[in-house]
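Please read the structure below before turning to the comments.
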Amino acid sequence: MSEATQTEAPRKLPGSLDANRRLDRWLRINIDGTVTIFPGKIEIGQGILTALVQMVAEELDIAPERVRLAPASTAYSPNEGITSGSRSIQEGGIAMRYAAAEARELLLERAAARLGVSLEQLNVADGTVNARSGGSVTYWELTSDDLLRREATADIPPKAAAQHAVVGTSFRRVDLPAKVTGIPTYVHDMELPGMLHGRIVRPPSRRARLKDVPADEVKAMPGVVAVVRDGSFLGVVAEREEQALRAQRRLARVSQWDESPSLPESSDPRYLLKMSSEDEVISEKADAGAAACETHRIEAEYSRGLMAHAALGPSCAVASCEDGGFSVWTHSQGIFPLRTDLAKVLGVDEARITVTHVEGSGCYGHNAADDVALDAVLLARAVPGQPVRVQWMREDEFGWEPYGSGMVVRMSGAVDDAGRIVNWSHELWSHGHSTRPGPKNGANLLAAWHLAQPVKAPTPGNPPLPGGGSHRNAIPLYDFPNQRITNHLIREAPLRTSSLRGLGAHANVLAIESFMDELAHAAGADPIEFRLRHLKDGRARAVIEAVAQKAAWRTREKGDGTRGRGVGFARYKNLACYVAVIVEIEAGHELQVKRAWAAIDAGQAINPDGIINQTEGGIIQTVSWTLKEQVKFDRHRVQTLTWDDYPILTFPEAPEIDVVLINRPDDPPLGAGEGAQGPTAGAIGNAIYNALGVRLRDMPFTRERLIAAMAA
Amino acid sequence: MGTRAEPPAAHPERRDCMQLTLNVNGAKRVVEAEDETPLLYVLRNDLKLKGARFGCGLGQCGACTVIVDGAAVQSCDVPVSAVLGKSVTTIEGIGDDKRLHPLQQAFIEHQAGQCGYCASGIIMAAKALLDANPAPSEGEIRKALARNLCRCGTHQRILRAIRSARVAGEGAR
């Protein structure tokens with residue numbers, strides 16, 4: 001991995017620098033007054049590139065406007081794995097920070113030699129190095145091709161927070177001007193000379209096999225260049241996009257499939273309870289003395305249905321095949337793992353494939369970006385020399401994306417006389433939350449499973465703890481003398497499931513935070529005070545206190561039968577940002593979240609407005625998830641195919657939001673993109689109870705479920 | 001699969017491409033396409049105007065919104081033949097990075113974007129609203145955007161941006 005020549009193991013370097021130790025993998029100082037950076041992490045709408053620009057500009061003492069971003073490519077970028085899990089600042093940002101600090105030092109050494117002064121005599125202003133005694137020289141004059149052709153040492157410490165001038169400011173997003181003026185930005189917008197358009201005909205149901213397809217009649221349609229069939233993989237290539245679409249429609253109508261049922265009887269996630277599972281106690285604490293003090297015990301079961309990422313733009317990719325090699329442009333979250341799986345499916349060496357990232361529509365976890373990349377490659381292979389752009393249609397995305405697993409969570413707990421929780425049990429059932437490309441065996445790409453010679457999917461699983469997958473945030477941050485957390489992992493999934501923003505945190509935190517309120521009610525306590533009573537972590541307490549203050553929370557406040565408020569809290573993954581949320585709901589004709597308040601502590605804030613934007617977005621998305629969203633299916637087919645089938649929160653329904661950011665410049669930055677999901681869900685359930693006196697436990701909290709609960 | 005997603009009046013055997021003259025962003029543009037082709041594909045693929053996005057092909061999400069004779073129209077759901085003789089405006093026609101439209105400026109000032117995929121459609125829907133009603137209420141703004149989806153949850157920033165553009169527009173008159 002490293003180019004180190006020493007026989008001993010190389011010293012561990014910070015973040016992604018450890019696996020990508022060459023400085024010139026990370027940045028290049030150009031003679032034209034710019035700096036090019038090569039992030040391996042990619043923009044998925046979260047604003048990461050802007051934060052990286054700030055971190056590099058800070059360490060180099062240059063204006064951020066000088067920084068240019070190279071698209072991530074397997075041809076030259078550092079391999080940073082997958083952009084996920086709110087880890088980009090800690091991995092990519094920290095690497096970039098150390099690389100830039102070291103680049104600055106190398107430039108200063110050259111400046112000192114050029115100006116004939118010692119390093120201490122130098123200061124830098126926007127890339128111009130000035131000697132105290134007079135004389136100056138710019139980075140752009142000092143740079144050369146070999147400047148960064150060396151291994152990083154990470155010996156040059158980045159700046160202390162007190163010296164920061166760019167980091168910690170709300171620098172405007174670098175990607176926004178193009179996005180609001182219509183400049184081509186997304187992979188969907190790509191144009192290559194001679195580019196053709198492809199569409200895929202997916203099987204009508206999960207086990208369907210393609211029997212017969214009258215390809216000739218479709219080949220004769222106007223503009224059609226190729227009909228590609230390989231086993232049960234079926235696609236079409238045409239000159240114009242509407243021709244490809246029309247041919248796809250025709251192919252779907254005339255192709256013959258063998259179908260058999262494979263899906264559970266009902267979309268209710270309780271089918272999970274009947275399936276065989278791998279069971280693991282992931283946390284256990286015992287204190288028999290405390291346990292014996294229990295005076296009041298309650299139990300409750302919570303759930304969420306299968307969920308879609310539902311990116312606004314269905315997935316898209318462009319590929320070309322020339323001389324047996326492949327070029328792929330994709331909005332995948334992991335260009336290197338995607339390349340690994342593509343190589344397996346194509347049976348070619350990875351070196352024959354170049355995968356380049358181009359931004360896609362918003363990405364909230366593992367969506368169909370990787371799948372459409374293989375689709376494009378398979379079609380491009382049939383028309384060598386001509387690039388093919390494949391656009392999934394809306395029903396392709398809803399029908400075939402990797403979903404967020406349905407989950408069931410059973411809680412049991414008890415308080416003592418003094419209103420303290422003395423027993424706590426949390427038991428969860430879920431499919432795995434990680435089926436991303438790049439596994440040891442098999443390939444995690446949809447079309448690979450449909451080929452005549454399939455490359456099979458590996459057994460799905462979970463990322464390990466402490467972050468975890470289905471068990472993400474199942475272990476409470478609260479201090480209980482007795483607790484037992486059990487994960488039932490159901491590996492066999494009738495529908496593919498993978499990571500959706502927050503993974504298990506959405507349902508686990510809903511359960512924990514709802515149950516905290518149920519126990520607070522049993523203890524006659526105020527929900528805010530009850531949480532603080534069980535929390536030692538000072539930063540956790542601080543976000544709860546901050547949101548209570550911002551929302552002007554009144555002790556034991558009661559809803560009025562229509563409106564009410566509730567609180568939710570979690571530390572994401574128990575190691576990233578701390579978030580507390582209060583929401584106000586109104587149950588009129590519809591159940592609506594009218595307002596939300598949040599407090600977030602993500603350690604050092606690189607870009608405060610970026611964190612606030614992510615938190616606002618996380619809250620609104622979670623309101624949508626929690627009130628509205630569930631993928632439905634029958635025994636054969638997914639029934640959720642359009643926005644009519646899967647309504648999401650609209651502009652008339654969007655709540656007002658106030659976010660308080662607790663910035664801790666001297667602490668390490670913590671992942672901030674997924675912290676709001678769990679707390680928001682919990683707050684909504686609690687607000688409904690506060691307003692109406694009924695407890696909803698099965699997400700989505702629809703109007704029908706509310707009416708049923710009130711009638712019960 | 002996907003029968004509901006049939007393009008309007010699709011005719012599988014139709015193959016007669018014809019020369020169509022369009023008025024797009026104030027200029028006469030001649031394209032060769034079948035008259036049932038969705039306007040969106042003509043804008044993106046023939047005229048290389050990529051600002052209108054493909055989102056659903058069913059007129060449900062608003063990512064493809066353009067203005068036709070003053071009205072916000074979902075271009076994925078309209079055959080190109082339906083806009084002959086009409087004036088089509090896309091996001092590229094209202095401003096560029098050198099001369100931003102007040103709405104584009106406001107989106108940047110309020111950092112009203114995450115992935116940005118919905119932004120151009122929303123800006124066009126908002127422009128159609130403000131052109132017809134320069135001082136809309138909060139409720140009128142929200143209603144005008146009822147068929148524009150944003151998946152990242154940037155709603156409040158977008159609403160703030162449109163409110164401020166509304167105020168700026170009034171000041172300019």
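Just so it is clear, the structure is predicted and the values come from calculations on it, not from any experiment. Letters A, B, ... are given to chains in the order of the sequence lines, protein chains preceding strands, and every chain is numbered from 1.
Proximity of A:Pro608 to A:Phe171: side-chain heavy atoms (C-beta onward) are nowhere separated by under 4.5 Å. The side-chain heavy atoms of B:Arg53 and B:Cys64, taken from C-beta on, include no pair separated by under 4.5 Å. In this structure, the side chains of A:Leu312 and B:Cys150 stay at 4.5 Å or more apart for every pair of heavy atoms.
Residues passing the ring pair (Phe, Tyr, Trp, His ring centres under 6.0 Å) test with A:Tyr364, sequence neighbours excluded: none.
Heavy-atom distances place the backbone of A:His309, and not its side chain, under 4.5 Å from chain B. In this structure, chain A has heavy atoms under 4.5 Å from both the backbone and the side chain of B:Arg44. Only the side chain of A:Trp625 comes within contact range of chain B, judged by heavy atoms closer than 4.5 Å. For chain A, no part of B:Leu49 is nearby; none of its heavy atoms comes within less than 4.5 Å. A:Leu649 touches chain B through its backbone: at least one of N, CA, C or O sits under 4.5 Å from a heavy atom, while the side chain does not. Looking at A:Glu653, the atoms closer than 4.5 Å to chain B (heavy atoms on both sides) all sit in the backbone: N, CA, C or O. Using a 4.5 Å cut-off between heavy atoms, B:Ala112 contacts chain A through its backbone alone, with no side-chain atom that close. A:Glu191 touches chain B through its side chain: at least one heavy atom from C-beta onward sits under 4.5 Å away, while N, CA, C and O do not. Contact annotation for A:Ser205: neither backbone nor side-chain heavy atoms come within less than 4.5 Å of a heavy atom of chain B. Residue B:Ile94 does not touch chain A at all, counting heavy-atom pairs closer than 4.5 Å. Neither the backbone nor the side chain of B:Ile141 comes within contact range of chain A, judged by heavy atoms closer than 4.5 Å. B:Asp97 touches chain A through backbone and side chain together, each having a heavy atom under 4.5 Å away. When heavy atoms are compared at a cutoff of 4.5 Å, B:Ile108 approaches chain A by way of both its backbone and its side chain. Looking at A:Ile612, both its backbone and its side chain come within 4.5 Å of chain B, counting heavy atoms on both sides.
Along residues 80-91 of chain B, the residues that come nearer than 4.5 angstrom to chain A, judged on non-hydrogen atoms, are B:Ile91 in order of number.
Using a cut-off of 4.0 Å between Lys/Arg side-chain N and Asp/Glu carboxylate O, B:Arg29 and B:Asp46 are scored as not salt-bridged. With salt bridges taken as basic N to acidic carboxylate O contacts below 4.0 Å, one links A:Arg173 and A:Asp175. Using a cut-off of 4.0 Å between Lys/Arg side-chain N and Asp/Glu carboxylate O, A:Arg172 and A:Asp609 are scored as not salt-bridged. By the 4.0 Å N-to-carboxylate-O rule, A:Glu241 lies close enough to A:Arg199 to be salt-bridged with it. The pair A:Arg246-B:Glu34 meets the salt-bridge criterion, with a side-chain N (NZ, NE, NH1 or NH2) lying under 4.0 Å from an Asp/Glu carboxylate O. Of the charged side-chain nitrogens involved, at least one lies within less than 4.0 Å of a carboxylate oxygen, so that A:Glu395 and A:Arg249 count as a salt-bridged pair. Ion pair A:Glu656/A:Lys594 not flagged as a salt bridge, since none of the NZ, NE, NH1 or NH2 atoms sits closer than 4.0 Å to an Asp/Glu carboxylate oxygen.
Using modelled atom types, no side-chain atom of A:Glu242 and backbone atom of B:Pro38 make a donor-acceptor pair closer than 3.5 Å. A side-chain donor-acceptor contact under 3.5 Å links A:Gln248 to the backbone of A:Ile200. Here the side chain of A:Ser232 pairs a donor or acceptor atom with the backbone of A:Leu210 at under 3.5 angstrom.
Taking B:Ala63, B:Gly51, B:Cys115, B:Gly95 one by one and counting their heavy-atom pairs under 4.5 Å with chain A, the maximum is reached by B:Cys115. When the candidates A:Gln614, A:Gln391, A:Glu359 are compared by the number of heavy-atom contacts under 4.5 Å with chain B, A:Gln391 comes out ahead. Here A:Pro314 is the residue among A:Ser170, A:Pro314, A:Pro184 with the most heavy-atom pairs under 4.5 Å with chain B. Of all the listed residues (A:Glu43, A:Glu629, A:Gln46), the one sharing the greatest number of non-hydrogen pairs under 4.5 Å with chain B is A:Glu629. Taking B:His155, B:Arg151, B:Lys50, B:Gln114 one by one and counting their heavy-atom pairs under 4.5 Å with chain A, the maximum is reached by B:Arg151. Annotation: maximal heavy-atom pairing with chain B below 4.5 Å, among A:Lys179, A:Gln243, A:Glu397, A:Arg501, occurs at A:Lys179. Highest contact tally toward chain B, considering only A:Ser624, A:Ala178, A:Gly45, A:Cys316, is held by A:Gly45 [criterion: heavy-atom pairs under 4.5 Å]. Counting heavy-atom pairs closer than 4.5 Å to chain A, the top-ranked of the candidates B:Ala119, B:Ser120, B:Ala146 is B:Ala146. Most heavy-atom pairs under 4.5 Å with chain B, from the set A:Ala311, A:Gly399, A:Ala310: that is A:Ala310. Options B:Asp96, B:Leu159, B:Leu149 differ in how many heavy-atom pairs under 4.5 Å they form with chain A, and the most are formed by B:Leu149. For the set B:Gln156, B:Glu109, B:Arg157, the entry with the most heavy-atom pairs within less than 4.5 Å of chain A is B:Arg157.
No side-chain N or O of A:Asn613 forms a donor-acceptor pair with one of B:Gln111 less than 3.5 Å apart.
Taking the six-membered ring where the residue is Trp, A:Tyr186 and B:Tyr117 present perpendicular rings, their angle passing 60° and hence far from 30°. Aromatic ring pairs are classed by plane angle as parallel below 30°, tilted from 30° to 60° and perpendicular above 60°; the pair A:Phe398 and A:Trp643 is perpendicular.
Screening B:Lys143, B:Arg166, B:Arg160, B:Arg163 for a salt bridge (charged side-chain N to carboxylate O under 4.0 Å, His left out) with B:Glu138, the sole residue that qualifies is B:Arg163.
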